[in-house]
Each structure stands twice: as structure tokens, then as C-alpha cells.
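Accompanying notes for the structure given below.
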Number of protein chains: 2
Amino acid sequence: MTMTRKKMPAKMRRSVTIEAVLDIAARQNPRDITTAAIAQHMNVTQGALFRHFDNKESLWQAVMEWIEVNLFKRVDQAANEAPTPMAALQAVYMAHIDFVRTHPGVPRIMFGELQRSENTKAKRQAGGVLKKYGARVTTLIDAAREKGEIDPAVDTASARILFIGSIQALVIQSLLVAKDIENITEKAAGVYDIYRRGIEVKR
Amino acid sequence: MTMTRKKMPAKMRRSVTIEAVLDIAARQNPRDITTAAIAQHMNVTQGALFRHFDNKESLWQAVMEWIEVNLFKRVDQAANEAPTPMAALQAVYMAHIDFVRTHPGVPRIMFGELQRSENTKAKRQAGGVLKKYGARVTTLIDAAREKGEIDPAVDTASARILFIGSIQALVIQSLLVAKDIENITEKAAGVYDIYRRGIEVKR
DNA sequence: TTAGATAGTAATTGATTACTATCTTTGGAA
DNA sequence: TTCCAAAGATAGTAATCAATTACTATCTAA
């Protein structure tokens, strides 16, 4: 039984709040998550949240930071452990899919932020994460190309865009069929297979 | 010069309203569009909207209907004019991209609806459009497979998922770099090229 | 010509939301 | 054990939004 103490040190409360947001975002449109809903989810009154965050926007910034740190932790580890660039690319893909499976709210939050019209810091952070991610992918693609693993005819930018799209494809599928998020890993293999065939040098 | 009459027949006003929503959605998060903003955009007071729609939800339903009708009009025509299933697949892809380019609000509306937690009719409509679209793609893939244009090793479901994802990939890219929506057609060709390489039979 | 129908206006309402001011409790250091 | 700063509770406020209402302008058909 997890002991949910009534009072918590500020640092712990902040991370619990971020987890609450991620948790709720798995089932609800991130933009519709109210401070009241977050507070209720963690057994605290709504006003208490503002002891730890200046405002809602700064809470979203904290969430985006969490995403950036934890996504790249997983993804970079996967890339580093792979023997070849091509293997790294696939490892990154599967690590990302697994990250999304365990944190279904993350892609919804990312996409929701990118949709926003207001140029908030959280939105810029989301864009920054995606660009940084794209740079990682580009590096791997270029390395694989030099090793002769990728067909020279393949455009790097297109390959990068489709890589991200192939992840997003599975996310959309899981939005359509709710419980597909659990089976996302199996589907991912099939989808990545097509992607790999699309970029690799013909044998 | 478009004559914006003060009084309009109800039918015209309804379609003008839908256009206004599509227009605003190109620049703003669909869920954040207020009835006041819609009304202002079409030079009418906020209350006037409710002369033509029971409520905001029914306006969204009308928008979804517009999307369904107009998307499939373009897509089906493209498919029918193509000589082979494989050519049809590419034609559908390019038609879809062109539809998105001329109506940038559409993908935002679609995925905004799919993100919603409330099981509204508009959300079900969005899911219906995507499923119907997927069925079209599946039919073409199966036909291409029978003609020996697609590698038998390729999983149909995966190919369908990635097809939709490859479109979504370009949409995300345009969210990231705002004015990329204009160049989406050029990028589309490169992305589709990889997709085609991924599914077609090796020569 | 005029009466009914249709479309639009202006003002208001109740609900919801992020945020805040003030009071209360708790837990750990001295 | 005592004390006090940090964490939370309580009870608000101002702003925003969809929706409604009473009223007016305009079109159309008999």
C-alpha cells in the first residue's frame, strides 16, 4: 500500500504533481485538464497546487522538462547500446514506442502543445524536443548511410520525417482503438519493418 | 469583391459558418475556438450562431460532415483515375496532401477531436472518417498485392497504419515549421518515395 | 400592400476556470 | 517537549464562455 502522506516536502509534491498530469493526460485531452482535476487526482485541494507552481503554465513547463529528460534518457541509452547505426535507429524506435506505451499521455501532451496558437514556453519546449529528436535521428541516418546501410537515393530529411511519422502512426491508431496502446509494441515491429525496407540499401 | 450580405439564407449562413471554423482552425487550436471568435470572423454577433446550430457541438458535427464529404470526394476521384492499384495509392496520398495543404485546419480538427475524452458525436465522426479512410487504403493495398505490386511479406495492417502516419508526419512537420505547409507537396514526394520502397516488391 | 417568416442584435445568465488571500495543521529541528 | 516555517484547507474573486432571451430589421408571398 502506497503511503500517500498528507503533507509532503515541496520537491516530492512537485514530482507527484507532474506524474498526476501525465496520468490524467493518458485518458483526457491535455488541454482540458483543470487544476481542480489534477488536485483531486492527488488528494489535495486545488489551491494547494499554487504553493508549488507559480501558475498553470509553469506546471506545463515542468511536465515538458520531465518528458524531455526521460525520453532522451531512454532513447540515448538505446542508441548507445546498439552495435551499428542501423541497429541504433531501430533501437531508438522501439525505445520510443515503449516509452509511449508506458506513458500514453506523452504524445497527447506533445501534440496538444504543438497545436497551440499562443507562443508559450511550453510550446517552444515541445518544438525543441521534437527538433532535438529529429537531430538524433538525422545523425543516425547519416552514419548508417556512410556505412552503406542506407540507400544513397533516400533523402535524409524525408527519412527523418517518416521516422517520426511512423511513431505517430501508432499513436493515432491507439487513439482510434483505445486499448491498442497495450498491443502497440507488436504493431510497431510490422510498421518499422516497412520503414526499414524503405530506407535500406537493396540487396 | 465578395458581397457579404447582412442577411443570408440559413443554408448559406450554415456553410459560411463551417468555412469560418475551417479558416480559424488553420491558425488556432480548434478546441480553443470560441463562438465569439467564429461570429466575429463572419461579421455577425455571437448569438446569431445559435439561430443556425442548436449548440456548439452540433456545429462541430457539421464541420466533420463537411470534412468527410470533401475529403472523400477528392480521394475517391484520385483513386478512380489511376491506372493501377499502386498508382491509385500514390494518387490518394497526393490528393490527401493537397487537401491538407488547401485546408490546413482539417488535420488539426481531426486529431483534436480524436484527442477528446468525451464520447461526442463529432468525435465518433472523426473516428469514422479515419476508419473509412483506412478501409479505402486497405482495399488498394490488397489489390496491389494481388497484382504482384506489393511484396507478400508486407503486413497489410502495418502498411495501412504507416500510410496514414506518413501523412501525419508531414502535418507535424508543418506544425513545427509554420510556413512548411506551403512546401508540403514537395516534401510529400520524398516521404512517399520511402513508403513505396517499403511496400513494393523488390526488383 | 402587408402579414408572417426569417435572420440578426444586444444584453444577460449560469457555469466554469485559473488564481489568490487568509486561516489552520503538521512535522521536524532545537 | 516546544516552536515555527512550510504545506495544505477554506473560501473566495475576476474573467471567460456557451447559451438564452426579448427585441428589431429584412425578406417574401399572398
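Numbered from 1 within each chain, the chains take letters A, B, ... in sequence-line order. As the structure is a prediction and not an experimental result, all values here were calculated from the model.
The CZ atom of B:Arg14 sits 15 Å away from the C1' atom of C:dT6 (whole-angstrom rounding). Atom CG in A:Asn55 sits roughly 22 Å away from atom P in D:dT13 (whole-Å rounding). Atom CD of B:Glu57 is separated from atom C1' of D:dC17 by 16 Å (rounded to the nearest Å). Between the CD atom of B:Gln46 and the C1' atom of C:dA7 there is a distance of 16 Å, given to the nearest Å. For the pair A:Phe53 CZ and D:dA7 P, the computed distance is 12 Å after rounding to whole Å. Taking atom CG of B:Asn43 as the reference point, atom C1' of C:dT9 lies 14 Å away to the nearest angstrom. Atom CG in B:Asp54 sits about 10 Å away from atom P in D:dA19, given to the nearest Å. Protein atom NZ of A:Lys7 is 15 Å distant from nucleotide atom P of D:dC4, rounded to whole Å.
Proximity of B:Lys56 to the phosphate of D:dA18: a side-chain N or O atom is located under 4.0 Å from OP1 or OP2. Considering only side-chain N and O atoms, A:His52 lies under 4.0 angstrom from the phosphate OP1 or OP2 of D:dG8. At D:dA18, one or more side-chain N or O atoms of B:Thr35 fall inside 4.0 Å of OP1 or OP2 (strictly under the cut-off). At the phosphate of D:dG8, OP1 or OP2 sits under 4.0 Å from a side-chain N or O atom of A:Arg13.
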Side-chain polar contacts of residues 16-26 of chain B - donor-acceptor pairs under 3.5 angstrom, sequence neighbours left out - could you list them?
from: B:Thr17; atom 1: OG1; to: B:Arg13; atom 2: O; distance (Å): 2.6
from: B:Asp23; atom 1: OD2; to: B:His41; atom 2: NE2; distance (Å): 3.3

Please tabulate, for the side chains in residues 122-130 of chain B, all donor-acceptor contacts under 3.5 angstrom to protein atoms that are two or more places apart in sequence or on a different chain.
from: B:Lys123; atom 1: NZ; to: B:Arg116; atom 2: O; distance (Å): 2.6
from: B:Arg124; atom 1: NH1; to: B:Asn119; atom 2: O; distance (Å): 2.9

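Side-chain proximity of B:Phe50 to the nucleotides D:dT20, C:dT9, D:dA7 is greatest for D:dT20. Which of D:dG8, C:dT9, C:dT17 sits closest to the side chain of A:Thr34 comes down to C:dT17.
One finds no salt bridge joining A:Arg31 and A:Glu113 here, because no Lys/Arg side-chain nitrogen approaches an Asp/Glu carboxylate oxygen to under 4.0 Å. Between B:Glu200 and A:Arg197 no salt bridge is recorded (no basic side-chain N to carboxylate O distance below 4.0 Å).
Each of A:Ala48 and B:Ile33 was matched to the nucleotide of DNA chain D holding its nearest heavy atom; the match closer to the 5' end belongs to A:Ala48.
Counting heavy atoms from C-beta on, the side chains of B:Met8 and B:Val44 never come closer than 4.5 Å. Side-chain contact between B:Arg136 and B:Lys132 is present, with at least one heavy-atom pair separated by less than 4.5 Å.
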With the criterion being N/O to N/O and under 3.5 Å, what pairs connect the protein with nucleotides 21-23 of chain D, and how long is each?
from: D:dA22; atom 1: N6; to: B:Arg51; atom 2: NH2; distance (Å): 3.0

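Once rounded to the nearest 0.5 Å, the distance linking CH2 of B:Trp60 with CD1 of B:Ile109 reads 4.5 Å.
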